[in-house]
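Worksheet for the structure shown next.
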Amino acid sequence: MEDNRAEQIEALEVLTEFNDRLVHNMEIIVKELKGERLDDTDQFLKGIVDAVNWEIQVVNGTLDTLNDGKIRVDKAGFNTAIVALSEAIAAKDDARMAVEFENVIPVFQQLGEAAKEVTK
């Protein structure tokens, strides 16, 4: 069990470094989806979606550690935000994606803060 917790802490340490960049990129993609599309917007969006999926995997594998002692990440709220974003991405509707990224940014900021709290 100690090894499992150590692995979870290690994954959360990587997430803390990764998360700030992901949130920053989400803020940029919102602008692009609101009308400032660039030639590489779709490729940039794919990279962000891949990063979001990676962080979701980390959350799923570390939730017990993240919420050890107190609830830092509300799994139901996290899932709701992710589902709404996923639906907007699947619809390929730029305006809707922009709104859902704006909604999910605070969720990922909170995740980053939770990971930092657990790993310090």
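For Thr41, the side chain to side chain donor-acceptor pair (under 3.5 Å) test picks out Glu32, with sequence neighbours left out. In terms of the side chain to side chain donor-acceptor pair (under 3.5 Å) criterion, residue partners of Asp50 (sequence neighbours excluded) are, by chain and number, Lys46.
Cluster membership for Trp54 and Phe101, using ILVMFWY side-chain heavy atoms within less than 4.5 angstrom, is shared. Under a hydrophobic clustering in which Ile, Leu, Val, Met, Phe, Trp and Tyr are joined whenever their side-chain heavy atoms come within less than 4.5 Å, directly or via other members, Ile105 and Leu85 fall into the same cluster. Under a hydrophobic clustering in which Ile, Leu, Val, Met, Phe, Trp and Tyr are joined whenever their side-chain heavy atoms come within less than 4.5 Å, directly or via other members, Val107 and Val49 fall into the same cluster. Cluster membership for Ile89 and Leu33, using ILVMFWY side-chain heavy atoms within less than 4.5 angstrom, is shared.
Side chains of Ile56 and Val59 form no contact here, defined as non-hydrogen atoms less than 4.5 Å apart.
Sorted by first then second residue, the ring pair (Phe, Tyr, Trp, His ring centres under 6.0 Å) pairs that include residues 27-48, not counting sequence neighbours, number zero. Annotation: salt bridge (Lys or Arg N to Asp or Glu O under 4.0 Å) contacts involving residues 97-114, sequence neighbours excluded, comprise Lys34-Glu102, Glu113-Lys116.
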Atom pairs and distances, side-chain donor-acceptor, residues 71-84, under 3.5 Å, sequence neighbours left out:
from	atom 1	to	atom 2	distance (Å)
Arg72	NE	Glu117	OE2	3.0
Arg72	NH1	Leu66	O	2.7
Arg72	NH1	Asp68	O	3.0
Arg72	NH2	Glu117	OE2	3.4
Asp74	OD2	Gly77	N	3.0
Lys75	NZ	Asn60	OD1	2.2
Asn79	ND2	Lys75	O	3.4
Thr80	OG1	Ala76	O	2.9

Name every donor-acceptor pair, under 3.5 Å, that has one atom in a side chain of residues 11-31 and the other anywhere in the protein, sequence neighbours excluded.
from	atom 1	to	atom 2	distance (Å)
Thr16	OG1	Glu13	O	2.6
Asn19	ND2	Glu55	OE1	2.9
Asn19	ND2	Phe108	O	3.1

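Taking CD of Glu7 as the reference point, atom OG1 of Thr65 lies at 10.5 Å (rounded to 0.5 Å). Atom CG in Asn67 sits 9.0 Å away from atom OG1 in Thr62 (nearest 0.5 Å). For the atom pair Lys120 NZ and Ile9 CD1, the distance stands at 12.5 Å (nearest 0.5 Å). One finds the CG atom of Asp40 at 6.0 Å from the CD atom of Gln43 (value rounded to the nearest 0.5 Å).
Across every non-hydrogen atom of Gly61 and Gln8, the tightest pair is O-NE2, 3.2 Å.
Contact check on Asp64 versus Arg5 returns no salt bridge, with no Lys/Arg side-chain nitrogen under 4.0 Å from an Asp/Glu carboxylate oxygen.
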